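Below is one structure; the comments refer to it alone.
These values consider heavy atoms only, across backbone and side chains, with no hydrogens, waters or symmetry-generated copies. Everything numeric in this text was worked out from a predicted model, so none of it was measured. Throughout, residue positions are numbered sequentially from 1 according to the sequence presented.
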Amino acid sequence: MDTKIKTLSIGLAALGSLYAQQKTNIIYILADDLGYADLGCYGQQKIETPNIDQLAREGIRFTQHYSGSPVSAPSRGVLLTGKHSGHAYIRGNDEMRERGEVWSHEAMLADSTLEGQRSLPTGTVTFPKMLQKAGYTTAMVGKWGLGYPGSEGTPNKMGFDFFYGYNCQRQAHTYYPPFLYRNESREYLQNKLLPPHTLLDKGADPMLESSYSKYTQQQYSPDLMLSEIQSFVKQNKNNPFLLMWTTPVPHVPLQAPQKWIDHYVKKFSDEKPYLGESGYFPTRYPRATYAAMISYFDEQVGQLIAQLKELGVYENTLIIFTSDNGPSFNGGADSPWFNSAHPFKSEFGWGKTSLREGGIRVPMIATWQGKIKAGTTTDHISAFWDVMPTFAQIAGVKDNVSDGISFLPTLLGKKQKKHKYLYWEFPENEGVKAIRMGKWKGYIGNIKEGNNTMELYDLEADLREQHNLASRYPHIVRKLYKKMKEAHVEPEIEKFKM
């Protein structure tokens, strides 16, 4: 009798192991401020991204994928909750200045309660929580920004079994921080505090590389993050897992491994230094360093893919690569020179912080060997709030809360349900709203100044949003106004009201 029970027990364990292996692993890679055209597979001419380009060759490339918002925290909030910014709790970056010296890095080092951003509330449904319930082990490595240390909105309380990285977006304004977080606790590093925006020493020659030596310290946070990622993957190779890699790259400040900087200095030749006049650290070779950060990150992606193949889990892993919003305009980043948002405008006011196409249309690549046809491209219109229902469908669980539509059919080459429209609102600056319905884009700016006049663009003919057609198509404008009103629910947080 004991032998039969033992045999049955072994059989059930083997069946459980087989079931676990059959569940699809999910890796979601989120770059920070990477423009639509900062990758070779999206037309970049100056920056080398062979490993990410290879993902596109082995999978599918989306040409009409949108972020949740034009800046970090609200975009990530939309992603995790599946609620677009007309319904989301977090609709802008909120540093909660009422706490005190939140922009002082000396104060934050001494007092962790000054770190972090506005917290997602208790009870928020997120897709990592959903996947936890479906049997997945979940991890986030990178940048958070949706709940300060000790709040109800830390990564471990929002569905991640493991977290490593920056809890606070402001802390991510240096790649050599004095500490990172391992789950709920600080882990101090071999770096001294050098507050962001620290300028060159008085009298230093800006043309000498040695004048910038203090901006390079011992432990480069993206190196540490990849090490944690590879450790997590190795530990969970026999279990279904969700890994979110929310790298801070290529968000300024411009700091990169020297070998990649040297590579691009040779390629681009000499250039004018960036001296910190637009915030963040000075940099001897700003263009070379920006390119270096992206190629370094591409190299890291290649290392992760190699590990997945070596462990035999690549075939059973869906990998999605995208960016949280459009390209930056400060800290020495020169998006127009790289044409980072091409074919959209890359200049200030048209990329990051803007609801123009360059601020919210982002690259998105998906690879899933044996499931996604290699080398394909889709013009399916999708957005961050579609990620939750997509992952729910893959995991075989119900999604009853998101505003999204699963794009799994598109991944598998099947008939796809489409959105009637996509909607955004962004309360920072002067307040902006935008809506996409088919080929039409409606845009209302300066809302806090009393403006309610909609601009209308035909994105099939005018990707750069240069020709306002509102007076020619008033019936379309009326329809978009109606949809905007339908999509908006008043925010709970006063700061997010327009």
Side-chain angles (χ1 to χ4, degrees), residues 28-39 42 60-88 90-92 127 246 320-327 340-346 350-366 377-391 402-408 410-411 416-426 432-444 457-460 462-465 480 483-484 487-488:
Y28 190 91
I29 305 174
L30 184 69
D32 197 340
D33 293 0
L34 184 81
Y36 183 82
D38 271 336
L39 304 173
Y42 279 84
I60 187 169
R61 187 172 62 90
F62 283 63
T63 62
Q64 301 199 71
H65 187 66
Y66 288 92
S67 66
S69 183
V71 297
S72 285
S75 192
R76 293 153 198 267
V78 167
L79 171 67
L80 287 170
T81 65
K83 298 286 191 182
H84 65 59
S85 52
H87 294 158
I90 304 292
R91 304 192 190 186
F127 71 72
T246 57
I320 293 179
F321 181 99
T322 188
S323 176
D324 65 346
N325 48 248
S340 291
H342 182 77
F344 320 110
K345 294 185 70 174
S346 304
W350 295 87
K352 179 180 179 178
T353 76
S354 163
L355 289 181
R356 301 295 188 180
E357 291 296 290
I360 53 176
R361 193 155 345 169
V362 291
M364 207 263 269
I365 299 162
T377 300
T378 178
D379 61 0
H380 172 60
I381 300 172
S382 57
F384 272 20
W385 49 99
D386 295 331
V387 172
M388 176 179 262
T390 302
F391 289 173
S402 79
D403 295 318
I405 296 172
S406 170
F407 52 75
L408 180 60
T410 293
L411 299 182
Q416 173 71 56
K417 183 180 178 182
K418 298 180 180 181
H419 284 280
K420 294 179 180 178
Y421 61 87
L422 299 178
Y423 172 76
W424 300 263
E425 59 182 65
F426 183 55
V432 191
K433 293 182 180 181
I435 188 166
R436 171 83 192 267
M437 185 178 71
K439 70 175 185 176
W440 297 109
K441 169 83 174 282
Y443 177 91
I444 307 175
Y457 300 97
D458 176 356
L459 293 181
E460 289 183 1
D462 181 22
L463 284 172
R464 294 170 72 84
E465 299 167 271
L480 294 182
K483 297 297 182 185
M484 277 188 168
H488 171 77

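- With rounding to the nearest 0.5 Å, the separation of CE in Met364 from OG1 in Thr378 is 9.0 Å.
- Cation-pi geometry between Arg61 and Tyr42 is satisfied (NZ or CZ under 6.0 Å from the ring centre, within 45° of the ring normal).
- Under the side-chain hydrogen bond (donor to acceptor under 3.5 Å, both in side chains) criterion, Thr410 pairs with Gln416, sequence neighbours left out.
- The side chain to side chain contact (heavy atoms under 4.5 Å, CB included) test applied to Leu463 returns Pro343, Phe344, Arg361, not counting sequence neighbours.
- For the residue pair Gly358 and Ala341, the shortest heavy atom distance occurs at CA-CB, 4.1 Å.
- The cationic atom of Arg356 (NZ for Lys, CZ for Arg) lies less than 6.0 Å from the six-membered ring centre of Tyr443 and within 45° of the ring axis.
- Judged by distance alone, the side chains of Arg436 and Tyr66 do bring a donor and an acceptor atom under 3.5 Å apart.
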Query - Test log, rule side-chain hydrogen bond (donor to acceptor under 3.5 Å, both in side chains), inputs Glu357 and Tyr36 - result: CA-CA 9 Å; Glu357 291 296 290; Tyr36 183 82; over 6 Å; no
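- With sequence neighbours left out, the salt bridge (Lys or Arg N to Asp or Glu O under 4.0 Å) criterion links Asp32 to Arg76, Lys143.
- Scanning all heavy atoms of the two residues, the minimum distance from Val78 to Ala88 falls at CG2-CB, 4.4 Å.
- Between Phe321 and Ala31, the shortest heavy-atom contact is CZ-CB, 4.4 Å.
- In terms of heavy-atom proximity, Trp350 sits nearest to Arg464 at CZ3-O, 3.5 Å.
- Contacts of Ala37 classified as side chain to side chain contact (heavy atoms under 4.5 Å, CB included), with partners at least two apart in sequence or in another chain: His342.
- By the salt bridge (Lys or Arg N to Asp or Glu O under 4.0 Å) test, Lys418 is found to be paired with no residue, residues two or more places apart in sequence or in another chain being considered.
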Query - Worked verdict on His488 versus Glu425 for side-chain hydrogen bond (donor to acceptor under 3.5 Å, both in side chains) - result: CA-CA 8 Å; His488 171 77; Glu425 59 182 65; 2.7 Å; yes
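- A search for salt bridge (Lys or Arg N to Asp or Glu O under 4.0 Å) contacts involving Asp403 returns nothing, not counting sequence neighbours.
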